[in-house]
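In what follows, a single structure is set out as structure tokens and then discussed.
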Amino acid sequence: METMDIPAGRPATEEQARAIQDELRTRTILGEPGPPPGTGHVTGVDVAYDDERDVVAAAAVVLDAATLEVVAERTAVGRISFPYVPGLLAFREIPTVLAALDALPCPPGLVVCDGYGLAHPRRFGLASHLGVLTGLPTIGVAKNPFTFSYDDPGPRRGAWTPLLAGDEEVGRALRTRAAVKPVFVSVGHRVSLDNACAHTLALTPAYRLPETTRRADALCRRALREATTRQGG
DNA sequence: GCGACAG
DNA sequence: ATCTTGTCGC
């Protein structure tokens, strides 16, 4: 992956973190469609924590978008740099995620985040933040609606409804499995909402959550277990 | 002021 | 996110 040219700056306070979000938000690109689903690479990133031991492990798993087979995977381990604060998740996850992405031996293509992008109190969630820092196309696929509202989509796979912040559409509740709770898709950087949903459906041939997320989740948990297991556990 | 609140 | 046993079902 290429080097980032934007100062990330680890905030010391929540106030500083919000100020960084407000500044970086102006660099978000929302006018591009993004890569077509089913082509190139699609990469899942996820993070696992051991707060007790102050250890965090991130994973990046690159899939072939056409076959969903694993092309490459890397992990990174570090210390926890920020507490979990709703709306400031990126500051907790991104340092280690960047390290895992940087270690990849091939271009990540589209990056799928476990969380939100535009659907965020200041319209700058984890996926937006990661996209701006790396320049890569990113989307967010979350398991919960956070503070946003939505009407339940129809029962068919592919059905969706707007995810709303008041009257503003910040994402979609998308049904990826028939009659199963929807996922919550929002754009990060350089991808349209239509395309983000198409990618999400392409990544969910068998389960509610994208294969990228499932692979990255399993891998970062394993990395965390191995990191803590050979220390003091 | 109180509760809710991505992971 | 993480703490945690069994259990229903394909």
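Note on naming: letters A, B, ... go to the chains in the order of the sequence lines (proteins, then strands), and numbering restarts at 1 for each one.
Aromatic ring centres of Y150(A) and F184(A): separated by under 6.0 Å. Separation of the H129(A) and F91(A) ring centroids falls under the 6.0 Å cut-off.
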So what does the secondary structure string of DNA chain B come out as, 5' to 3', with Watson-Crick or wobble pairs under 3.5 angstrom, [ ] for crossing and | for pairs with another strand?
.......
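Counting non-hydrogen atoms under 4.0 angstrom, A48(A) reaches the backbone sugars and phosphates but no base. As judged by a 4.0 angstrom heavy-atom cut-off over every strand, Y49(A) is placed among residues touching the sugar-phosphate backbone only. At the heavy-atom level, D50(A) lies nowhere under 4.0 Å from the strands shown. Here L88(A) lies in heavy-atom contact (under 4.0 Å) with a base. In this structure, G87(A) reaches the bases: a heavy-atom distance under 4.0 Å links it to at least one base atom across the strands shown.
Under a 4.0 Å N-O distance rule, the pair D194(A)/R172(A) qualifies as a salt bridge. Under a 4.0 Å N-O distance rule, the pair D51(A)/R92(A) qualifies as a salt bridge. Using a cutoff of 4.0 Å between basic side-chain nitrogens and carboxylate oxygens, R53(A) and D50(A) are scored as salt-bridged.
Remark: Y49(A) engages no residue in a ring pair (Phe, Tyr, Trp, His ring centres under 6.0 Å) (not counting sequence neighbours).
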For side chain to side chain donor-acceptor pair (under 3.5 Å), just list the numbers for T204(A) and R157(A), CA-CA rounded to whole Å, side-chain angles, deciding distance to a tenth of an Å, and then say yes or no.
CA-CA 10 Å; T204(A) 50; R157(A) 165 175 152 86; 3.0 Å; yes
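Atom CD of E52(A) is separated from atom C1' of dC3(C) by 12 Å (rounded to the nearest Å). The separation between R53(A) atom CZ and dC3(C) atom P is 10 Å, rounded to whole Å. In this structure, the CG atom of D51(A) is 10 Å from the P atom of dC3(C), given to the nearest Å. Put simply, CZ on R225(A) is 12 Å from P on dT2(C), counting in whole angstrom units.
Taking 4.0 Å as the cutoff to heavy atoms of chain A, we find the contact window on DNA chain B bounded by dC5(B) to dG7(B).
Shown here is R215(A), whose CZ atom has no more than 12 heavy atoms of other residues, nucleotides or ligands within 6.0 Å.
Counting only distance, with no hydrogens or angles, the side chain of D46(A) and the backbone of T213(A) share no donor-acceptor pair below 3.5 Å.
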